[in-house]
**Student:** 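So that we are looking at the same thing, I have put the structure below in structure tokens.
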Amino acid sequence: MGCDKFVDVPLPNSQLSTASTFADNDKAGSAIRGIYASTQNAFGPGPFSGTMSSTAGMTADELIRTSYNADQEAAFLNNLAPMTAIIDGSLWGNFYNYIYQCNNAIVNLEKSAGVTPERKVMLLSESKFLRALSYFYLVNLYGKVPLLTGTDYKINALIPETDTAAIWQLIESDLRYAVANGGSVAYTKTGTRNRAGSNAATALLARVLLYRKNWAEAEIMSTTLINSGLYKLDTLGGIMLTTSAEPIFYLNNAGTNLYALEGTSIHGTALQYRLSPTLLASFEAGDQRLVKWTRPSADGKLGLGKYKIMTGSGTSGKEEATVLLRIAEQYLIRAEARAKRDNLPGAIADLDEVRKRAGISLIANTLPNITQTALVDTILHERYVELFGEFGHRWLDVKRMGKADQIFGANKPGWETTDALYPIPGKEREKNPNLGQNDGY
């Protein structure tokens with residue numbers, strides 16, 4: 001079990017506005033734990049308890065459902081509207097809630113005279129990591145969004161959307177601070193990866209640099225993690241366990257639950273979320289991920305099955321957690337970065353590490369003379385079958401590679417180019433007259 005379980009940490013939403021919350025190391029530590037805990041709110045849907053993975057999975061070509069409510073159908077048909085609730089409170093609203101808590105922590109930590117310098121930079125690193133994580137999803141889902149770094153609600157309420165370049169700049173700046181100050185060994189032991197140390201920040205920064213086409217530095221970041229010896233590709237059935245060497249960063253469960261809300265929300269035994277026909281057809285013959293990471297329903301259809309534990313609580317026994325960053329992604333990040341830099345043998349070697357675990361043929365054996373373009377396409381395909389159902393990777397990957405019209409246009413009936421961004425929530429625009437709207441809405 002993690003050393004910082006959130007079972008007895010009250011959510012400090014009403015207290016975070018006071019400097020007394022950050023008066024000393026213990027109080028400040030409790031406030032930061034409260035931010036983590038708020039991501040696992042069992043009383044409503046949130047991005048890290050099923051909503052991000054399910055919504056982006058349906059707007060992409062990953063997931064279908066046995067039946068749909070109005071919001072889910074709008075997502076599946078790429079017919080989201082500004083008043084669609086799922087893209088407002090569940091995503092936008094929650095991300096900005098996390099951002100406010102992080103901003104408040106940063107402002108008060110920087111002013112606090114009672115928190116020791118060593119502890120202060122560690123907690124600032126965690127706050128900046130969580131802020132960067134939230135903005136990463138906001139900018140990729142909505143494009144231009146308000147860039148809030150202060151805590152004055154009157155000012156925040158009227159800030160217009162900000163150019164995406166400035167948002168990416170803050171994300172990168174926050175992560176570089178966290179890499180430098182998060183502690184090289186902090187939260188790296190298996191079972192304690194529920195807090196964001198330097199390595200978690202390195203993993204997210206590697207992804208950000210890949211998205212920003214900084215291939216050289218993305219490779220450096222992923223290599224740091226791969227060569228650290230701390231993380232290893234686990235057996236397919238164990239990747240979400242807190243004792244696994246595969247996760248780099250995960251969110252702890254609510255209370256003493258042994259199951260993750262992310263798992264029970266969309267991987268649960270009801271099997272309401274199924275793999276799309278397009279995804280099913282993308283697995284190669286003999287791919288063990290199709291066996292180990294799915295769950296068959298009574299009608300023979302395959303639902304999500306990466307998470308295995310659906311019930312139970314206590315202080316002993318196997319425990320899963322909501323895994324946001326794992327080492328398999330780092331191999332695929334480095335493979336893509338190397339391919340883009342014309343290091344095709346190195347890219348193939350990384351790609352084959354992931355394929356070998358899945359039990360399928362190695363590119364080094366079957367396509368040793370593959371071209372750069374074909375290799376990059378193969379890596380995109382591998383990301384599809386490796387990272388499906390995990391926080392919208394497919395939705396974001398296809399868009400960042402400029403293939404949304406080509407791929408989603410072929411796989412999603414009624415697809416339009418403007419569907420690539422979600423609408424700015426209508427309720428937010430009613431409250432903030434300075435907010436614009438994305439094209440097509």
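This one's a predicted model, so the numbers in the text were calculated from it and none came from an experiment.
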**Student:** Going through the checks in order, is the side chain to side chain contact (heavy atoms under 4.5 Å, CB included) test met by Val398 and Gln406?
**Tutor:** CA-CA 9 Å; Val398 171; Gln406 173 190 336; over 6 Å; no

**Student:** Taking the side chain from Tyr384 and the backbone from Arg394, do they hold a donor-acceptor pair closer than 3.5 Å?
**Tutor:** no

**Student:** I need the Thr59 OG1 to Trp415 CH2 distance, nearest 0.5 Å.
**Tutor:** 7.5 Å

**Student:** Below 4.5 Å, heavy atoms only, C-beta onward: do Glu320 and Tyr259 meet side chain to side chain?
**Tutor:** no

**Student:** Checking salt bridge (charged side-chain N to carboxylate O under 4.0 Å, His left out) between Glu246 and each of Lys232, Arg193, Arg326, which is the one that passes?
**Tutor:** Arg326

**Student:** Going by atom types only, do Asn78 and Asp419 share a side-chain donor-acceptor pair under 3.5 Å?
**Tutor:** no

**Student:** Checking the side chain of Tyr441 only, and the main-chain atoms of Leu421 only, is there a donor and an acceptor separated by less than 3.5 Å?
**Tutor:** yes

**Student:** CG of Asp439: more than 12 outside heavy atoms within 6.0 angstrom?
**Tutor:** no

**Student:** Between Ser30 and Asp26, is there a donor-acceptor pair closer than 3.5 Å when you use the side chain of the first and the backbone of the second?
**Tutor:** no

**Student:** Rounded to the nearest 0.5 Å, what separation is found between the CZ atom of Arg338 and the OG1 atom of Thr223?
**Tutor:** 5.5 Å

**Student:** Nearest heavy-atom pair of Ile159 and Asn432: which atoms, and what distance?
**Tutor:** O-ND2, 2.8 Å

**Student:** Mind checking ring-ring contact (aromatic ring centres under 6.0 Å, His included) for Tyr331 and listing every partner two or more places apart, or none if nothing turns up?
**Tutor:** none

**Student:** Taking the side chain as everything from C-beta on, heavy atoms only, tell me whether Thr66 gets closer than 4.5 Å to Arg274.
**Tutor:** yes

**Student:** Taking side-chain contact (heavy atoms from CB on, under 4.5 Å) as the criterion, tell me which of Lys308, Glu319, Lys306 meets it with Met240.
**Tutor:** Lys306

**Student:** Tell me whether the rings of His267 and Tyr307 are parallel (<30°), tilted (30 to 60°) or perpendicular (>60°).
**Tutor:** perpendicular

**Student:** To check you understand the geometry: which heavy-atom pair defines the closest contact between Val354 and Ala328, and what is its length?
**Tutor:** CG2-O, 4.1 Å

**Student:** Tell me if a side-chain donor or acceptor on Gln437 pairs with a main-chain N or O of Ile424 at a distance below 3.5 Å.
**Tutor:** yes

**Student:** Write down the atom of Ile87, the atom of Ala81, and the distance for their closest heavy-atom approach.
**Tutor:** CD1-O, 3.9 Å

**Student:** Any non-hydrogen side-chain atom of Met122 less than 4.5 Å from a side-chain atom of Glu126?
**Tutor:** yes

**Student:** Heavy atoms only: give me the nearest Ala335-Ala347 pair and the separation to one decimal.
**Tutor:** O-CB, 3.2 Å

**Student:** OG1/Thr164 to CD/Gln169 distance, rounded to the nearest 0.5 angstrom?
**Tutor:** 11.5 Å

**Student:** Are any non-hydrogen side-chain atoms of Pro47 and Leu91 less than 4.5 angstrom apart?
**Tutor:** yes

**Student:** Can Ile327 and Ile226 be said to form a side chain to side chain contact (heavy atoms under 4.5 Å, CB included), step by step?
**Tutor:** CA-CA 7 Å; Ile327 197 64; Ile226 292 168; 4.1 Å; yes

**Student:** For residues Arg207 and His393, determine if any side-chain heavy atom of one lies less than 4.5 Å from a side-chain heavy atom of the other.
**Tutor:** yes

**Student:** Using side-chain heavy atoms (C-beta onward) and a distance below 4.5 Å, is Thr51 in contact with Asn94?
**Tutor:** no

**Student:** Verify, without hydrogens or angle tests, whether Tyr422 (side chain) and Asn140 (backbone) share a donor-acceptor contact under 3.5 angstrom.
**Tutor:** no

**Student:** Should the heavy atoms of other residues, nucleotides or ligands under 6.0 Å from NZ of Lys120 be counted, would the total exceed 12?
**Tutor:** yes

**Student:** Angle class for the Tyr96/Trp92 ring planes (parallel below 30°, perpendicular above 60°, tilted otherwise)?
**Tutor:** tilted

**Student:** How long is the span from the CG atom in Leu148 to the CG atom in Asn103, to the nearest 0.5 Å?
**Tutor:** 7.0 Å

**Student:** Side chains of Thr84 and Asp71: do they bring a donor and an acceptor to under 3.5 Å?
**Tutor:** no

**Student:** Specify whether Tyr137 and Phe391 have parallel, tilted or perpendicular ring planes, treating 30° as the upper limit for parallel and 60° as the lower limit for perpendicular.
**Tutor:** tilted

**Student:** State the CG-CD1 distance between Leu205 and Ile171, to the nearest 0.5 angstrom.
**Tutor:** 10.5 Å

**Student:** Tell me whether Lys412 forms a cation-pi arrangement with Phe76, defined as NZ or CZ under 6.0 Å from the six-membered ring centre and within 45 degrees of its axis.
**Tutor:** yes

**Student:** May I ask you to decide if the ring planes of Phe249 and Tyr36 are parallel, tilted or perpendicular, using 30° and 60° as cut-offs?
**Tutor:** tilted

**Student:** State which residues pass side-chain contact (heavy atoms from CB on, under 4.5 Å) with Ala28; sequence neighbours excluded, sorted by chain then number.
**Tutor:** Phe22, Leu109, Val115, Leu123

**Student:** Side chains of Asn199 and Thr188: do they bring a donor and an acceptor to under 3.5 Å?
**Tutor:** no

**Student:** Any side-chain heavy atom of Arg383 within less than 4.5 Å of one from Glu336?
**Tutor:** yes

**Student:** Indicate yes or no: at least one non-hydrogen side-chain atom of Glu110 is less than 4.5 angstrom from one of Ile106.
**Tutor:** yes

**Student:** In Å, rounded to the nearest 0.5 Å, how long is the span from CG of Leu302 to CG of Leu290?
**Tutor:** 6.0 Å

**Student:** Do NZ/NE/NH1/NH2 and the carboxylate oxygens of Glu428 and Lys431 come within less than 4.0 Å?
**Tutor:** yes

**Student:** When you measure from the side chain of Thr39 to the backbone N and O of Ile35, does any donor-acceptor pair fall under 3.5 Å?
**Tutor:** no

**Student:** Among Arg355, His381, Arg357, which residue meets the side chain to side chain donor-acceptor pair (under 3.5 Å) test with Glu386?
**Tutor:** Arg357

**Student:** Is a side-chain donor-acceptor pair under 3.5 Å present for Asn25 with Thr116?
**Tutor:** yes

